[in-house]
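Just so we're on the same page: letters track the sequence lines, and every chain starts at 1.
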Amino acid sequence: MQNYLNELNPIQADAVKYLDGPSLIIAGAGSGKTRVLTYKIVHLLNSGYKPSNILALTFTNKAAREMQTRMKMLANEGDINKLWIGTFHSIFAKLLRIEGQVMGFPSTFTIYDADDAKREIKDIIKEKKLDPQQYPANEIYSRISKAKNNLVLPSSYEKNYELQKFDSSIKRPETLAIYKSYYNRCRKAQAMDFDDLLLNTNILLRDYPDILDKYQNLFKYILVDEYQDTNVSQYIIVKRLSALHKKICVVGDDSQSIYSFRGAKIENILNFEKDFKNLKTFKLEQNYRSTKNIVNAANSLIEKNVNRLKKVVFTENEVGDKIYLKQFVDDKKEAYFVGDSIKKYKLNNEFDYSDIAILYRTNSQSRTFEEVLRRKSIPYKIYGSISFYQRAEIKDIVAYLRLIINKRDDQAIKRIINYPKRAIGNTTMQKIINVANSNELNIWDVLLQIEKLSKILSVRVINAIRKFVNLIDYLTEEMQKLDAFELVNLVLEKTTIKQVMSNDTTTEGVNKYQNVEEFTNAVRDFTDNADDDRSITKFLEEIALATDQDKEADDQDNNKVTMMTVHASKGLEFKKVYIVGMEEGLFPSYLSTSNDRELEEERRLMYVAITRCEKILHITSAASRMKWGKYTSAAPSRFLTEINPKYLEMGVVEEKNDDFFENKEEFNNFADRIRATKSYPKPEEKVLKKIKPEPTKNIEQSRQIDKKTGLEVGMKVEHTKFGRGKIIEIIGNFPNTKAIVNFEQAGQKTLLLKFAKLTIIK
DNA sequence: TTGTGCTGCTTTTTT
DNA sequence: AGCAGCACAA
């Protein structure tokens, strides 16, 4: 075995070698954190620890996988497979499947994702006849989530005067009642949401000492990655499990704590010293990733935060280019600049597409860039907030699988009982749900004895339901004999989903069908490669906790520009980065500007964004941007003024137009700053240059749409004489606009629009 | 019961 | 701009 310790700097090596007691590794951005963690695990193995005695917790599946891959170079594969390594959620889901029976959970319990959880809450609000405006499901969900992450069960919520006072003060006195009801329903459905996985683990370890004992003994060494992002629930789990051996190593960077909206407590890392006696602290401060300019710029920004641990990140890398700053008239110009810039770098062969990332604050910003990159034939991949497995068409199929495994999964039933259409409509479901609720039954129990409802349901409906029940029963029986892949195919076949979908020839329909095919491929992949358990249960387990980022492994052509939110970019690095949309109200988000804590989190987020970059960093903003269908203007982000200007290179302000500025003062401030740097050429002329505010439509587009009638290329239309057809071209100007239409029956015709009566059909 | 078209809301980030 | 939810019609 090669001496891996030689590949580390002295502090890294010390951190790896120290196994005697609790340790805290403060790892600055780009300081080789993953390397230290993986080497430390290898070191544990070499020091006689058995792999099954090591627990390593990460925040993303990707991080876990990355560590495993890296370890394969250094340790034997059999050992690595026996490690307990994974996300908090997946590890403790696994634990609950093994041990949850004592709490009344079968090993087949369902995991509700955020979507399921919100639907359930929405249903409850509806059934309680509360005003959905007053009780937005989203906010109630996050309130409940917060309670759970602070280990506040409905019973403690009820006793907590403060919480209820707050709910009353915002006119939501029924929050507790909703929480109670939601909590009970999840239990009844044998379902756990993401927060329950941690909460129930806590209850398990608290109330069952022999189980606690078992796992305290099993986990002889515990490592936690991204410790700054742990919430109370996770923190207590870690504390309980490590209480016996006190062999725990947590790694984190307070400057990169960006998940407090999800209940993460930055205090967990700030106070770690108080929690563990004889703590050894290691500070990794040398950055191996970025140029001096980038590291220094990031430092100068994060220094503005008051609440932080002392740490000075430095680098011995080259000075590098300054950070390029540019502002544009609107979001389209911004996107075109990025597209052109990527093309230029690519032409000069300076970077591969895969070296480049576009980072933004909100997912909705991706659209504009997607459009531009597609137009310029630049290959890209987007990591969206919606995971592949959360797409409606996939969730439909998954719902069948979930129901086959767990008949009490009410959310699954609601989703599929009328998909594909079987004439079991909303009214029917409402009646059934009422019966279920008033008898403390699951929906499935009611369906099993649907004949009893002959007074309130028609024979037709009862027969439809019986058929549905038979179908599910049949599939459940078959499940015993089949592997996951075979079962999925049978489901697609017998439910007629496959047939229904292939009949849909619209673009979206075809797209959905392709997604389903991709899904079956993923299932096949799973059955082919899973080493021990290839049941559908195991597969569902994996995808319930999968995110979009976890699906790229099999992507062959990886030379693509990456687009993602800054949050999603944590832990990654790119040679060239564009941070876009640096505007007040967007980054920092308008929701965070009123309070210092949240503003500091936004600043850390910006810190994360900057430190993703190895070599060339562009930061852009737009003076005006399409938001909710309207153009809204914004001043450049305050964070730009917080970076020490000596690390910045101000670009030319492109075609500035003060018609776009309601807030001139803020713009002028920005302009002043730009003037203050030498590289900016004669600002006044540029700034005062006026252009017509016609930002959206380009010529090419306006030729393809007839403004008068709203007809557009690609639309389907109906003509009184020729029947249905599709517009393939629009030519000429009003009043002589003509449309070339390809009719299904009559063939291609050119019609003068002022005469032809075309009606648009969907 | 299903389909359609209108209204009003959304966007912060995610395991 | 896009979408969910809803009212109303077929």
Grab the CD1-P distance between A:I237 and B:dT15 for me, whole Å please. 17 Å
When the ring planes of A:F261 and A:Y259 are compared, do they come out parallel, tilted or perpendicular, using 30° and 60° as the limits? tilted
Proximal nucleotide (of B:dT2, B:dT15, C:dC6) relative to the A:A423 side chain: B:dT2
Which residues pass the salt bridge (Lys or Arg N to Asp or Glu O under 4.0 Å) test with A:D229, sequence neighbours left out? A:K570
Given A:D409, which of A:R402, A:R415, A:Q190, A:K414 fulfils the side chain to side chain donor-acceptor pair (under 3.5 Å) condition? A:R402
Take atom P in B:dT13 and the same atom in C:dA4, then report the distance between them in whole Å. 16 Å
Output the residues of residues 128-145 of chain A in contact with DNA chain B, where contact means a heavy atom of the residue under 4.0 Å from an atom of the strand; sort by number or write none. A:Q133, A:N138
Would you mind reading off the distance between A:E226 atom CD and B:dT13 atom P, rounded to a whole angstrom? 19 Å
Check whether any side-chain N or O of A:T428 sits under 4.0 Å from OP1 or OP2 of B:dT1, and answer yes or no. yes
From the candidates B:dT11, B:dT15, C:dG2, the one with an atom nearest any side-chain atom of A:L591 is B:dT11
Which residue, A:E598 or A:I424, contacts DNA chain B at a nucleotide closer to its 5' end, judged by nearest heavy atom? A:I424
Separation of B:dT13 P from A:F587 CZ (nearest whole Å): 12 Å
Any base atoms under 4.0 Å from A:D113, or only sugar-phosphate, or nothing? Heavy atoms, all strands. nothing
Rounded distance in Å - CG (A:L599) to C1' (B:dT13): 15 Å
Salt bridge (Lys or Arg N to Asp or Glu O under 4.0 Å) involving A:R262 - partner list, sequence neighbours excluded: none
With sequence neighbours left out, what residues match A:F88 under ring pair (Phe, Tyr, Trp, His ring centres under 6.0 Å)? A:F59
N/O (side chain, A:T565) to phosphate O (OP1/OP2, B:dT14) under 4.0 Å: yes
Under the criterion of centre distance below 5.5 Å and interplanar angle below 30°, is A:W628 classified as stacked on the base of B:dT10? yes
Residue list, ring pair (Phe, Tyr, Trp, His ring centres under 6.0 Å) with A:Y179, at least two apart or on another chain: A:Y157
Expressed in angstrom and rounded to an integer, what is the separation of A:D193 atom CG from B:dT15 atom C1'? 11 Å
Nearest-Å distance for atom pair CZ/P, residues A:R262 and B:dT14: 9 Å
Under 4.0 Å, counting only non-hydrogen atoms across every strand here, what does A:F59 touch: a base, just sugar-phosphate, or nothing? sugar-phosphate
Of all the choices, B:dT15, B:dT11, B:dT2, which nucleotide is nearest to the side chain of A:Y590 once you look at every atom? B:dT11
Rounded to whole Å, how long is the line connecting atom CG of A:L359 with atom C1' of B:dT13? 13 Å
State which of B:dT1, B:dG3, B:dT13 makes the closest approach to the side chain of A:K421. B:dG3
When we call it a touch if two heavy atoms are under 4.0 Å apart, what does A:S364 touch: a base, just sugar-phosphate, or nothing? base
DNA chain B: 5'-proximal contact among A:Y259 and A:K627 (nearest heavy atom): A:K627
Flag side-chain contact, heavy atom, 4.5 Å: A:L55 against A:L223: no
Let's see if you can work this out: which of B:dT11, B:dT1, B:dT15 has an atom nearest to the side-chain heavy atoms of A:V461? B:dT1
Closest to the side chain of A:K126, out of C:dG5, C:dC6, B:dT14, is C:dC6
Hey, does A:E602 reach any base, or is it just sugar-phosphate, or nothing, if we go heavy atoms under 4.0 Å? base
Give a yes/no answer on whether the side chain of A:K122 brings an N or O atom under 4.0 Å of OP1 or OP2 in C:dG5. yes
Looking at A:E642 and A:R638, is any side-chain nitrogen of the basic one under 4.0 Å from a carboxylate oxygen of the acidic one? no
Of the candidate nucleotides B:dT1, B:dT14, B:dT2, which contains the atom at the shortest distance from the side chain of A:T427? B:dT1
Can you sort out the partners of A:Y578 under ring pair (Phe, Tyr, Trp, His ring centres under 6.0 Å), two or more places apart, ordered by chain and number? A:H618
Strictly below 4.0 Å: does A:N61 bring a side-chain N or O up to OP1 or OP2 of B:dT15? no
What is the separation between atom CG on A:N426 and atom C1' on C:dC8, rounded to the nearest whole Å? 15 Å
